[in-house]
Amino acid sequence: MPELPEVETVVRSLAPSLPGRRIIRAEFKSRFVTPGDRDALASAVANRTISAIRRHGKFIVIELDRGHLIVHLGMTGKLLLDATPGTHAYGVFYLDNGVLVYDDPRQFGRIEYAQELPARVARLGPDPLAVGFTEFEQDIRSRRGVIKPLLLNQRFLRGIGNIYADEALHKARIHPKAAASRLSRERTFRLFQAINDVLRLAIEHRGSSVSDYVDGAGERGSFQLLHRVYGREGEPCLECGAPIRRIVIAQRGTHYCPRCQRR
DNA sequence: CAGATCACCTGCTTGC
DNA sequence: TGCAAGCAGGTGATCT
């Protein structure tokens, strides 16, 4: 489910109400969602007060009075305030006022506790909404492969996923298989702008609810209605009318307009 | 170190 | 209706 705009929307939906609340106790039920000692995790967060919630790439960082909860939503993770825990509620935080439920049918998400951000999380690339063009251009020049997998690489930029990679490449009129380091300066700038525009617009529309994404209050986003290529295989390009094509790049479905995005 | 491939899960849709 | 195959917002381990 969740890429930068969705995670940002979840964080914004929880930020006004979560800080200041105390975790009375917590329960974890999946070795996939909470690798390691689940009882240790539960006792580490018991009695901790939440001081802040923020986004780091696609990670949700919940700052506690001691340590951090680092949550990744995987493909189907949901963090829901005051929801009833269902079959896939693999993490339940009982608060002094309410309950925070982590629900994740596919169990690709993760919940961990650490004093500081783990190195693999801290070392991700810059946030695409904060990076400057000079750094973006330098980084892209130094990379070898194809542009689409590079956009999905969180050590390049943190937060872009499959939907927004396809949407940004279409907006920038760049073929998803284009060689990253050989993009002209003009195309590189178009891509930089397109990433910014697409992500900001998606946040305004509270993310894309393709199947089951919802924010912390259970509300769906609406950006899926504005997708121009993602999930539109065979439908006409909204720019030129050519049918949108779906190919596979790096094991990910990739949607593009063969006329607007020439190699 | 970077890039490619596969593995980890459930659930929904499609086609026979 | 039943069943198998294919597909899905993501990362991380393990190869080369």
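Throughout, protein chains are lettered first and strands after them, A, B, ... in sequence-line order, and every chain is numbered starting at 1.
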Inter- and intrachain pairs under ring-ring contact (aromatic ring centres under 6.0 Å, His included), touching residues 42-87 of chain A, at least two apart |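 Matches after skipping sequence neighbours: Phe59(A)-His72(A).
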When you match Ser209(A) and Arg120(A) each to their closest nucleotide on DNA chain C, which lands nearer the 5' end?
->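 Upstream on the strand: Ser209(A).
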Would you classify [X] as touching base, sugar-phosphate or nothing, given that sugar-phosphate means primed atoms plus P, OP1 and OP2, and contacts are heavy atoms under 4.0 Å?
X: Arg143(A); value: sugar-phosphate
X: Gln154(A); value: sugar-phosphate
X: Tyr230(A); value: sugar-phosphate

Distance, rounded to the nearest Å, where [X] contributes [atom1] and [N] contributes [atom2]:
X: Arg31(A); N: dC8(B); atom1: CZ; atom2: P; result: 10 Å
X: Asp212(A); N: dA8(C); atom1: CG; atom2: C1'; result: 9 Å
X: His56(A); N: dT11(C); atom1: NE2; atom2: P; result: 12 Å
X: Phe156(A); N: dG3(B); atom1: CZ; atom2: C1'; result: 15 Å
X: Asp104(A); N: dT10(B); atom1: CG; atom2: P; result: 11 Å
X: Ile247(A); N: dC7(C); atom1: CD1; atom2: C1'; result: 17 Å
X: Arg252(A); N: dG6(C); atom1: CZ; atom2: P; result: 18 Å
X: Lys177(A); N: dA4(B); atom1: NZ; atom2: P; result: 11 Å

Under 3.5 Å, which donor-acceptor pairs do the side chains of residues 79-89 of chain A form with other protein atoms, sequence neighbours left out?
from: Asp82(A); atom 1: OD1; to: Val99(A); atom 2: N; distance (Å): 3.0
from: His88(A); atom 1: ND1; to: Tyr90(A); atom 2: OH; distance (Å): 3.1

Position toward the 5' end of DNA chain B (nearest nucleotide), Asn153(A) or His88(A) =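 Upstream on the strand: Asn153(A).
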Starting at the 5' end of DNA chain B, which residue's closest nucleotide do you reach first, Gln107(A) or Arg155(A)?
->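 Here Arg155(A) is the residue nearer the 5' end.
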Indicate if Ile195(A) and Val146(A) have the same hydrophobic cluster label, given that clusters are the connected sets of ILVMFWY residues with side-chain heavy-atom separations under 4.5 angstrom.
->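 Different clusters.
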Side-chain N or O of [X] less than 4.0 angstrom from OP1 or OP2 on [N]?
X: Arg106(A); N: dG10(C); result: no
X: Arg246(A); N: dA8(C); result: yes
X: His72(A); N: dG10(C); result: no

Aromatic stack Phe108(A)/dC8(B): centroid gap under 5.5 Å, interplanar angle under 30° |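 Yes, Phe108(A) stacks on the base of dC8(B), since the ring centres sit under 5.5 Å apart and the planes are within 30°.
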Phe28(A) vs Phe93(A) aromatic rings, parallel, tilted or perpendicular, using cut-offs 30° and 60°?
->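 Perpendicular.
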Do Glu112(A) and Arg110(A) meet the salt-bridge criterion of a basic N to acidic O distance under 4.0 Å?
->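 No, no charged N to carboxylate O under 4.0 Å.
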